[in-house]
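These numbers come from the heavy atoms of this one structure, side chains and all, not from hydrogens, waters or symmetry mates. Count residues from 1 along the sequence.
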Amino acid sequence: MEVNIRQEPEHGGESPYSYLGKGLQFLIQTPLFIIVGIIVMIWETINKLFHALYQQSTQLASQAGAGPRSETGPVGFKVPMMPIDNYSQLDTDGVIGSLEGLTPAELSIVKNFEMSHQNRQGILDAIDRRLTGVH
C-alpha cells in the first residue's frame, strides 16, 4: 500500500512565498505608476503652455494688423542673387576678373555681400573704381 503525503498550502492554494512576489511587484509598480503620472502632468503642462503662447501670439498679431493672409501669392520682397557664379570659391583675382560687364546694381550686390562676409579690400576698391567709372 502506497501512502501519498501531500501538504496543502495554508493560504487557499497559494504558496506562502507568493506574497513575497506580490510585494516585490507592488514595490516596482508603484514608483513606475508615479513616474508615468508625473511625465503625463509635465507633458500636459507644456502642451497648455505652448497653446497659450500660440493664442497670445495670434492675438498680438491680429491687434497689430498682421493677421493671417488669405492670398497665397509670393511674398512682396526680392532676394538679390549673386551675379558671379561660385563667388565663395573665388580668390581676390578671380572675383576682380569677374566684375567686367556687371551693371551698377550687380556691382552693388557684390559689394554688399563682400562687405558683410570676407571684406577683402582689393575687391571693394575694384568695385568702387568700376562704379565711379575709373578702371
Roughly how far, to the nearest 0.5 Å, is CG of D91 from CD1 of I123? 8.0 Å
To the nearest 0.5 Å, tell me how far K111 NZ sits from E106 CD. 16.0 Å
Donor-acceptor pair, side chain of E114 and main chain of R120, under 3.5 angstrom: yes
Would you indicate whether the side-chain heavy atoms of Y87 and I84 approach each other to under 4.5 Å? yes
Value for CG (D125) from CD1 (I96), rounded to nearest 0.5 Å, stands at 8.5 Å
Distance, nearest 0.5 Å, that separates CD of Q118 from CZ of F113: 8.0 Å
Contact between L32 and Q29 at the side-chain level, heavy atoms closer than 4.5 Å - yes or no? no
Report whether F50 and I42 are members of the same hydrophobic cluster (ILVMFWY, side-chain heavy atoms less than 4.5 Å apart, transitive linking). yes
In terms of hydrophobic clusters joined by side-chain contacts under 4.5 Å, are L124 and V95 together? no
Verdict with supporting geometry, N86 and Q89, side chain to side chain contact (heavy atoms under 4.5 Å, CB included): CA-CA 5 Å; N86 300 322; Q89 298 172 354; 3.8 Å; yes
Separation of I127 CD1 from M115 CE (nearest 0.5 Å): 9.5 Å
I'd like to know if M82 and L131 are part of one continuous hydrophobic network [Ile/Leu/Val/Met/Phe/Trp/Tyr, side-chain heavy atoms within less than 4.5 Å]. yes
Neighbour count >12 (heavy atoms, 6.0 Å) for atom CD, Q56: no
Show your reasoning for whether side chain to side chain contact (heavy atoms under 4.5 Å, CB included) applies to I39 and V36. CA-CA 5 Å; I39 290 172; V36 168; 5.6 Å; no
Interatomic distance, CD1@I46 vs NE2@H51, rounded to 0.5 Å, equals 15.5 Å
Between N47 (side chain) and W43 (backbone), is there a donor-acceptor pair under 3.5 Å? no
